[in-house]
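Worksheet for the structure shown next.
Just follow the structure's listing: the first ligand is 1, and inside any ligand the first atom is 1.
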Amino acid sequence: MFCTGLVAVVRCPAWSRGITRARSALAQLYTVMEAELEGIRGAGTWKSERVITSKQGAHIRVEGSSGAIVNFCANNYLGLSSDPAVIQSGIDALNLYGAGLSSVRFICGTQNLHKDLEAKIAKFHQREDAILYASCFDANAGIFEVLLTPEDAILSDELNHASIIDGVRLCKANKYRYKHLDLSDLEAKLKEAQKHRMRLIVTDGVFSMDGDVAPLKEICDLSDKYNALVFIDECHATGFLGPNGRGTDELLGVMDRVHIVNSTLGKALGGAAGGYTAGPKALVDLLRQRSRPYLFSNTLPPPVVGCASKALDLLMDSNTIAQTMASKTKRFRSQMTAAGFTIGGMDHPICPVMLGDARLASSMAEDMLKRGIYVIGFSYPVVPKGKARIRVQISAAHSDQDIDQCVEAFVDVGRKHGVIS
Ligand code: PLP
């Protein structure tokens with residue numbers, strides 16, 4: 001038996017006192033953590049994870065639910081996560097190149113497969129060069145501190161993704177946070193930032209919680225006027241926005257005016273994992289030398305590279321899949337609005353059904369699942385307090401029937417909860 005209490009500590013050998021202290025540290029950890037967890041439960045913002053027992057796709061199987069469930073909350077915008085050609089390419093890469101490299105890129109983690117994918121990404125975005133990361137979170141965390149010094153300035157939209165916020169925190173440049181999509185505030189901050197050596201404007205191309213699109217043309221006009229660089233995070237645009245699916249910069253006609261694009265392979269481009277920076281060659285060269293998530297984290301596994309590479313081939317051959325998105329999105333948005341729901345954002349396939357209350361969002365999502373529709377309630381800290389919502393995401397893989405079924409379920413559930421009459 002271990003010694004406990006003051007008297008025992010006095011009588012016990014030193015090793016035993018160490019164990020007693022370790023136990024009390026653990027007990028303290030439990031007290032502190034349990035209080036935090038209780039706070040989250042009490043606020044109604046607890047995020048439980050449902051277990052999927054099939055491939056990702058428009059129709060999935062979910063533990064605890066019978067039959068096929070229609071999935072409306074994956075970032076699987078083009079349905080490529082379970083595309084047979086994408087899966088086969090992953091299998092081929094696994095067979096040819098193995099499970100992984102057991103190394104970072106600069107030691108012995110670079111295969112021709114990685115170089116080919118980087119070249120393909122640069123070509124897709126029409127930028128000089130590209131560099132792969134294990135995720136776009138890493139790409140965002142690893143770029144700003146390399147690019148900017150205390151002599152420079154970074155101007156970031158207040159609603160940028162958490163990974164951009166973390167990347168900005170790590171960087172030593174002078175920080176300016178401008179109001180969401182507010183060009184006058186950005187201009188005021190740009191004026192103030194003229195005293196610094198370089199200026200970088202940082203924005204999501206599409207904001208993931210609201211589906212609103214950054215006014216890139218106007219941002220680029222300001223960047224010309226105030227001599228600033230422009231960076232966009234294209235996670236919710238790559239592969240499907242713009243006439244050729246190149247992203248927000250293509251949609252808004254500024255591909256040659258946005259300097260740096262960060263994006264993910266984990267959403268429309270096959271949905272496995274991985275992220276990248278595409279931009280000027282000198283920047284990519286420097287990131288390979290200095291970017292910490294690139295230098296100190298394992299190479300992207302070959303099967304993941306194989307899947308993304310095939311997804312890009314498919315998109316570069318034809319973008320007919322991407323073109324079906326707009327009409328599907330319109331179908332959902334117009335039917336929901338007609339039913340009396342408030343849908344945030346613009347014409348993007350991210351369609352936030354605005355509800356306000358966290359508990360309402362999560363209990364409506366539970367009721368939707370009972371009607372065969374998989375959606376999730378989003379609440380604080382993922383979205384601001386009081387702005388809870390169910391974020392519906394339309395995919396090219398949804399049929400019109402799927403969309404109508406989703407709207408019907410929302411109408412039933414919305415009436416039950418008094419959201420619509
Ligand atoms: N940026 C945005 C806007 C995102 O929505 C996400 C993912 O949710 C990321 C970055 C991170 O991407 P990844 O999943 O590749 O790390």
Side-chain angles (χ1 to χ4, degrees), residues 47 49 56 73-78 80-81 117-118 121 124-125 130-144 154 156-170 180-181 201-214 216 219 230-241 247-249 251 258 260-279 287 291-294 297-301 304-305 307-309 311-312 344-346 348-352 376 378-379 381-384 389 391-395:
K47 286 157 202 61
E49 296 175 3
Q56 185 60 282
C73 58
N75 299 302
N76 183 20
Y77 291 110
L78 299 173
L80 295 179
S81 300
L117 180 56
E118 286 170 339
I121 289 168
F124 181 81
H125 285 289
I131 172 174
L132 285 170
Y133 286 85
S135 67
C136 185
F137 201 109
D138 279 355
N140 286 343
I143 186 168
F144 306 121
I154 187 159
S156 180
D157 186 294
E158 65 181 349
L159 291 193
N160 277 337
H161 189 259
S163 52
I164 292 182
I165 294 172
D166 285 6
V168 170
R169 279 186 191 145
L170 289 169
H180 183 48
L181 305 181
I201 302 169
V202 175
T203 180
D204 282 3
V206 173
F207 290 81
S208 56
M209 288 302 130
D210 293 298
D212 44 358
V213 177
L216 287 188
I219 287 178
V230 179
F231 164 103
I232 56 175
D233 174 325
E234 285 286 85
C235 284
H236 294 277
T238 300
F240 58 96
L241 274 200
T248 321
D249 53 350
L251 177 76
V258 168
I260 304 160
V261 175
N262 271 15
S263 193
T264 185
L265 304 172
K267 301 195 194 298
L269 300 184
Y276 56 84
T277 295
L287 290 170
S291 180
R292 293 168 69 82
Y294 180 84
S297 186
N298 218 13
T299 295
L300 213 49
V304 169
V305 177
C307 290
S309 188
L312 277 171
M346 300 171 193
H348 192 273
I350 291 174
C351 306
I376 288 283
F378 282 65
S379 54
V382 181
V383 294
R389 67 203 63 186
R391 185 181 71 172
V392 170
Q393 281 169 286
I394 306 296
S395 162

Atom 6 (C) of ligand 1 has as its nearest protein heavy atom His161 NE2, 3.3 Å
Close-contact set for ligand 1 against [X] heavy atoms, below 4.0 Å:
{"X": "His236", "answer": "3 (C), 4 (C), 5 (O)"}
{"X": "Gly274", "answer": "15 (O)"}
{"X": "Phe137", "answer": "11 (C), 12 (O), 13 (P), 16 (O)"}
{"X": "Thr264", "answer": "13 (P), 15 (O)"}
{"X": "Lys267", "answer": "4 (C), 5 (O), 6 (C), 7 (C), 8 (O)"}

Between ligand 1 and Cys136, is the shortest N or O to N or O distance under 3.5 Å? yes
Can you tell me if Asp210 uses its side chain to pair, donor with acceptor, with the backbone of Gly345 under 3.5 Å? no
Thr264 side chain vs Gly274 backbone, donor-acceptor pair below 3.5 Å: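 Flag set: sc Thr264 to bb Gly274 pair under 3.5 Å.
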Cut-off 3.5 Å, side chains only: do Glu118 and Tyr276 have a donor facing an acceptor? no
Shortest non-hydrogen separation from His348 to His236 and the atoms involved: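 Between these two residues, the closest heavy atoms are NE2-O, 2.7 Å.
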Give me the atom names and distance for the closest heavy-atom approach of Leu216 to Ile232. CD2-CG2, 3.6 Å
Residue selection (non-hydrogen contact nearest atom 1 (N) of ligand 1) among Asp233, Val382, Leu269: Asp233
Heavy-atom distances under 4.0 Å decide this one: backbone, side chain, both or neither, for Ser163 against ligand 1?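 The answer is the side chain of Ser163.
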The criterion is ring pair (Phe, Tyr, Trp, His ring centres under 6.0 Å); which residues satisfy it with Phe378, sequence neighbours excluded?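 With neighbours one apart ignored, the set is empty.
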Using the rule side chain to side chain contact (heavy atoms under 4.5 Å, CB included), only one of Val202, Ile260, Val258 pairs with Val230; which is it?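 Only one option passes, and that is Val258.
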